[in-house]
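For reference, the structure is listed below as structure tokens.
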Amino acid sequence: MARILITSALPYINGIKHLGNLVGSQLPADLYARYMRARGHEVMFICATDEHGTPAELAAAKAGKPVAEYCAEMHDVQAELANGFKLSFDHYGRSSSPENHQLTQHMAGRLKAAGLISEVSEKQVYSNADGRFLPDRYIEGTCPNCGYDRARGDQCENCTKQLDPTDLINPRSAISGSTDLEVRETKHLFLRQKSMRDSLRDWIKSKHDWPILTTSIALKWLDDGDGLQDRGITRDLDWGVAVRDGDAPWPGMEGKVFYVWFDAPIEYIAATAEWAHAQGLGDDAWERWWREDKGAADVRYVEFMGKDNVPFHTLSFPATLMGANFDGAEPWKLVDYIKSFNYLNYDGGQFSTSQGRGVFMDQALSLLPADYWRWWLLSHAPESSDSEFTWENFQTSANKDLADVLGNLVSRVTKFCRSKFGEVVPEGGETGPREAQLVADLTAKIRSYEQLMEAMEVRKSANELRAIWVLGNEYLQEAAPWSTFKTDPALAAAQIRLALNLIRLYAVISQPFIPEAAQSTMSAMASDDWSWPDDVAAALQLLPAGHAFTTPEVLFTKITDEQREDWQSRFAGVRS
RNA sequence: GGGCCUGUAGCUCAAUGGUUAGAGCAGGGCGCUCAUAACGCCUUGGUUGGGGGUUCGAGUCCCUCCGGGCCUACCA
């Protein structure tokens, strides 16, 4: 039994996430966590809301609420939706938790002690009307290059030229529109990750099995142009983790907070501490997952994220953890494998939270149960390149794979049994070479499925699982119990006994993809034996003759053309 | 501008430099009648974006051109 630590990239707090966010991190992480638990491993699966930063403050202001209150509400909303999608987090934390405040400050103190923090004075744009410093992209003005009048301070979206806020003509605040801006001097802390370039490169190059998407992004940031740059880790904001040197004040940094990208990954660790405290456990309970000197030496740590998150997880966060161990006193667990994803597009364009384009988690659940979405998203996960959601494709996949191949298999077996033998596993008869062949075929494909799941080959795993379902239909076609029942009822009984057991087996191995249907199938089969079919032949004898079951309702109703057209038009524009 | 990824059947995707480039869906044919008009079997369909090169052998490696996407560090 192995110990596996799994984290999903943290969803940002400022709104309900869309399906693209879901498939890029939380959903595949859940698939992996469920599979590893099903195989009997000890799993710690962590996620949390990422609550700090300027967008959170602005979203709260827009909602007319204090930011702490806004975040608390949105956390509950997101937690509820995660629950609706059957995301099996051991803990769904908050980056604003006391645990994260404490740990973030501790890490900063360690980095300071390591000599890895520098203080830099820089000039930034301050808006008097807004009473805040403005990040570059929150300053708008006329592009000096092309004349576009809504160019942002970091880049002109019209001509793509990189800009500095001071380049803009007639600059104004993108928040209030105010032109009462001034440049102020402000002091910030920088993480001296440039000095850790070689150790970061060595570490990344030692990871030969990582997806090319992960390593290519990391190496580009390390070595492209001037190479890895030191990074500012503080901001002039109210909402966030106050800058402190561990328990002590940090002179000169009063009123400043850590940058959200500094405290967010630390929340992976802090959320595990939140979990321990919520369980009434001591610090040793979470430290055995995160500290190699306190039990984490045998932990395998896997991170899931969209490609936009890769630089922070391959460079800044490891630099933080390595730096915090400068004297060997705090060996924090570094990631062992990073599974990164491309983007999911929506019907010819991008999903967009800010523009309300696409299907969002709450809307999805209002249309169909989670399993439909889980199956489509996972079987079309954007692993090798960006992929695209279309309603036609969604309808086809759900109807063919779930309703026809799997759902109908369950129906035809249970209903046939009910009409010929009653709602009980029939007795008598013996299986023969045909059944032995089925066991051999199942075994080969299940072993293959296991390898793909362990390798986090999400789409290929889905394909293999579907192929395993198909074996059931092939067997029935060949065995034809509806024919044998007329000539040799005992043989039909043996065939149906096997088929009923096959349904239970399918529920067990399909559970990581479609947990709700798996549960309802198990309930119908009146079984709670979720043991993994290491021995397929034995697994197909678990439901003994005489075992009563209930013929389940239709497992997956089909998506009709009318529904599809309705949804297609309803979700064609932007969310109001 | 620079970098990275990507381009394979009508669609969505596979294929350690090594038989005749494979699946699912869609299309065509046959079978079955237990089942959600479901299932099974057979089948049509490819100049692997274009061009050049390396090699006994290239979808795969190199060069070049074309198309799509992403990143480029103060949104996260």
Side-chain angles (χ1 to χ4, degrees), chain A residues 9-14 50 52-56 58 122 124-125 133-139 152-155 160-162 164-165 174 188 211-213 215-217 219-221 223-226 228-232 235-236 259-261 264 306-312 315-316 342-343 345 350 353-354 379-380 382-388 390 392-393 396-397 399-420 457 459-460 462-463 466-467 470 472-483 485 492 495-496 499 553-558:
Chain A
L10 307 187
Y12 197 65
I13 194 71
N14 70 339
D50 178 13
H52 297 139
T54 308
L58 297 179
E122 46 184 29
Q124 290 200 348
V125 174
F133 282 93
L134 296 178
D136 291 355
R137 71 160 39 199
Y138 285 105
I139 304 162
R152 295 190 322 207
D154 55 344
Q155 181 178 36
T160 73
K161 185 176 172 61
Q162 306 275 312
D164 195 78
H188 282 295
I212 190 166
L213 183 68
T215 48
S216 65
I217 291 173
L219 291 174
K220 175 200 161 54
W221 278 55
D223 294 324
D224 190 53
D226 296 333
L228 184 66
Q229 298 299 300
D230 292 346
R231 190 168 183 102
R235 292 290 183 275
D236 290 292
Y259 176 43
V260 58
W261 261 117
K307 57 186 170 187
D308 51 333
N309 276 321
V310 168
F312 304 96
L315 303 168
S316 311
N342 288 286
Y343 292 143
N345 290 320
Q350 294 189 346
T353 302
S354 58
S379 61
H380 294 79
E383 288 177 297
S384 55
S385 64
D386 292 353
S387 64
E388 177 161 323
T390 64
E392 288 88 349
N393 195 313
T396 301
S397 286
N399 287 355
K400 288 303 293 185
D401 300 347
L402 297 178
D404 294 346
V405 175
L406 178 62
N408 182 56
L409 176 74
V410 173
S411 289
R412 64 194 299 207
V413 170
T414 53
K415 287 180 180 172
F416 179 81
C417 183
R418 181 174 61 183
S419 75
K420 306 299 184 200
E457 292 277 7
R459 274 189 315 216
K460 289 180 184 175
N463 283 339
R466 186 191 193 279
V470 167
N473 284 314
E474 290 175 347
Y475 168 73
L476 278 186
Q477 180 67 27
E478 216 188 303
W482 48 89
S483 294
F485 182 77
Q495 291 167 337
I496 286 299
E553 294 304 307
V554 164
L555 205 52
F556 296 99
T557 55
K558 292 204 195 193

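From a predicted model like this one, the values you see are computed outputs, not experimental measurements.
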Exercise for the section: Determine, for nucleotides 2-8 of chain B in 5'-to-3' order, which nucleotides have protein heavy atoms under 4.0 Å from the base (write B), from only the sugar-phosphate (write S), or from neither (write -). Expected result: BSSSS--
Problem - Nearest-0.5 Å distance that lies between atom CG in A:Leu219 and atom CG in A:Leu228 - result: 11.5 Å
Exercise for the section: Write down the atom of A:Leu134, the atom of A:Tyr138, and the distance for their closest heavy-atom approach. Expected result: CD1-O, 4.0 Å
Practice task
Determine the Euclidean distance between corresponding C1' atoms of B:rG27 and B:rU60; express it in Å to zero decimal places.
Solution key: 31 Å
Practice task
For A:Gln229, report the nucleic acid contact type (base, sugar-phosphate, nothing); a contact means any heavy atom under 4.0 Å.
Solution key: base
Handout entry: Same-atom distance (P) from B:rU19 to B:rG59, integer angstrom
Key = 11 Å
Problem - Bracket notation of RNA chain B in which parentheses pair within the strand, [ ] cross earlier pairs, and | pairs with another strand (Watson-Crick or G-U, under 3.5 Å) - result: (((((((..((((....[...)))).(((((.......))))).....(((((..]....))))))))))))....
Exercise for the section: Tell me what A:Leu228 touches on the nucleic acid: a base, only sugar-phosphate, or nothing, going by heavy atoms under 4.0 Å. Expected result: base
Problem - Separation between the P atoms of B:rG18 and B:rC13, rounded to whole Å - result: 24 Å
Exercise for the section: Go through A:Trp261 and A:Asp50 one step at a time and tell me if the side chain to side chain contact (heavy atoms under 4.5 Å, CB included) criterion holds. Expected result: CA-CA 9 Å; A:Trp261 261 117; A:Asp50 178 13; 5.7 Å; no
Exercise for the section: Tell me, please, which residues at least two apart from A:Tyr343 pass side chain to side chain donor-acceptor pair (under 3.5 Å). Expected result: none
Any protein N or O atoms within reach of nucleotides 74-76 of chain B? Criterion: under 3.5 Å, listing atom names and distances.
unit_1	atom_1	unit_2	atom_2	d
B:rC74	OP2	A:Arg231	NH1	3.4
B:rC74	OP2	A:Arg231	NH2	3.1
B:rC74	O2'	A:Asp136	OD2	2.8
B:rC74	N3	A:Gln124	NE2	2.6
B:rC74	N4	A:Glu122	OE1	3.2
B:rC74	N4	A:Glu122	OE2	2.3
B:rC74	N4	A:Gln124	NE2	2.9
B:rC75	OP2	A:Arg137	NE	2.8
B:rC75	O4'	A:Arg137	NE	3.2
B:rA76	OP2	A:Tyr259	OH	2.9
B:rA76	O3'	A:Asp50	OD2	2.6

Exercise for the section: Have a look at A:Leu555 and say if it touches a base, only the backbone sugar-phosphate, or nothing, with a 4.0 Å heavy-atom cut-off. Expected result: base
Fill in the blank from the handout: Interatomic distance, OG@A:Ser397 vs NE2@A:His380, rounded to 0.5 Å, equals 3.5 Å
Fill in the blank from the handout: Sorted by chain and residue number, the side chain to side chain contact (heavy atoms under 4.5 Å, CB included) partners of A:Val405 (sequence neighbours excluded) come out as A:Arg466, A:Trp469, A:Val470, A:Asn473
Completion exercise
Taken to the nearest 0.5 Å, the spacing of A:Trp482 CH2 from A:Ile496 CD1 works out to 8.5 Å
Handout entry: B:rG10 to B:rG67 separation - P atoms, rounded to the nearest Å
Key = 22 Å
Completion exercise
A:His380 NE2 to B:rA23 C1', in whole Å, measures 13 Å
Problem - Distance, C1' atom - from B:rG45 to B:rU8, rounded to whole angstrom - result: 13 Å
Practice task
Kindly compute the distance separating CG (A:Asn408) from CG (A:Leu402), expressed to the nearest 0.5 Å.
Solution key: 12.5 Å
Problem - Donor-acceptor pair (no angle test) under 3.5 Å: A:Asn408 side chain, B:rA38 base - result: no
Exercise for the section: Ignoring backbone atoms, test whether A:Tyr343 places a side-chain nitrogen or oxygen under 4.0 Å from the OP1 or OP2 oxygen of B:rC71. Expected result: yes
Fill in the blank from the handout: Under a 4.0 Å heavy-atom criterion, the protein footprint on nucleotides 25-33 of chain B, written with B, S and -, is S-----BSS
Problem - Distance-minimising heavy-atom pair for A:Asp236 and A:Gln124 - result: OD2-OE1, 4.3 Å
Exercise for the section: Side chain of A:Ser387 only, please: which of B:rC41, B:rC13, B:rA35 is the nearest? Expected result: B:rC13
Problem - First encountered from the 5' end of RNA chain B, between A:Asn463 and A:Val470 - result: A:Asn463
Practice task
Calculate, to the nearest 0.5 Å, the distance between atoms OG1 and CZ belonging to A:Thr54 and A:Phe133 respectively.
Solution key: 12.0 Å
Exercise for the section: Assign A:Lys420 to base, sugar-phosphate, or nothing according to its heavy-atom contacts below 4.0 angstrom with the strands shown. Expected result: nothing
Practice task
Find out whether A:Pro481 and A:Leu476 are in side-chain contact, i.e. whether some heavy atom of one side chain is under 4.5 Å from a heavy atom of the other.
Solution key: yes
Practice task
Compare the minimum distances between each of B:rA38, B:rC39, B:rG40 and the side chain of A:Glu474, then state the nucleotide with the smallest one.
Solution key: B:rG40
Completion exercise
Value for CG (A:Asn399) from CG (A:Asp404), rounded to nearest 0.5 Å, stands at 6.5 Å
Practice task
Indicate, with a heavy-atom threshold strictly under 4.0 Å, whether A:Lys307 touches base, sugar-phosphate, or nothing.
Solution key: sugar-phosphate
Handout entry: Whole angstrom value for the distance that separates C1' of B:rG69 from CD of A:Glu383
Key = 17 Å
Exercise for the section: Select from A:Leu402 and A:Asp230 the residue whose nearest nucleotide in RNA chain B is closer to the 5' end of that strand. Expected result: A:Leu402
Exercise for the section: Pick the C1' atom in B:rG22 and in B:rU44, then give their distance to the nearest Å. Expected result: 16 Å
Handout entry: Donor-acceptor contact below 3.5 Å, side chain A:Tyr475 vs main chain A:Ala480
Key = no
Handout entry: Contact check, side chains of A:Pro311 and A:Ile217, non-hydrogen atoms, under 4.5 Å
Key = yes
Handout entry: Least distance between heavy atoms, A:Ala264 atom then A:Leu10 atom
Key = O-CD1, 3.3 Å
Handout entry: Shortest non-hydrogen contact between A:Ala56 and A:Ile13, atoms and distance
Key = CB-CG2, 3.7 Å
Practice task
Could you check how far CG of A:Asn399 sits from P of B:rG24, rounded to whole Å?
Solution key: 18 Å
Fill in the blank from the handout: A:Arg412 CZ to B:rC39 P, in whole Å, measures 9 Å
Exercise for the section: Please determine if a side-chain N or O atom of A:Lys415 lies less than 4.0 Å away from the OP1 or OP2 oxygen of B:rU36. Expected result: yes
Handout entry: P-based separation of B:rC11 from B:rG31 [nearest Å]
Key = 32 Å
Handout entry: Integer angstrom distance from the C1' of B:rA14 to that of B:rC32
Key = 31 Å
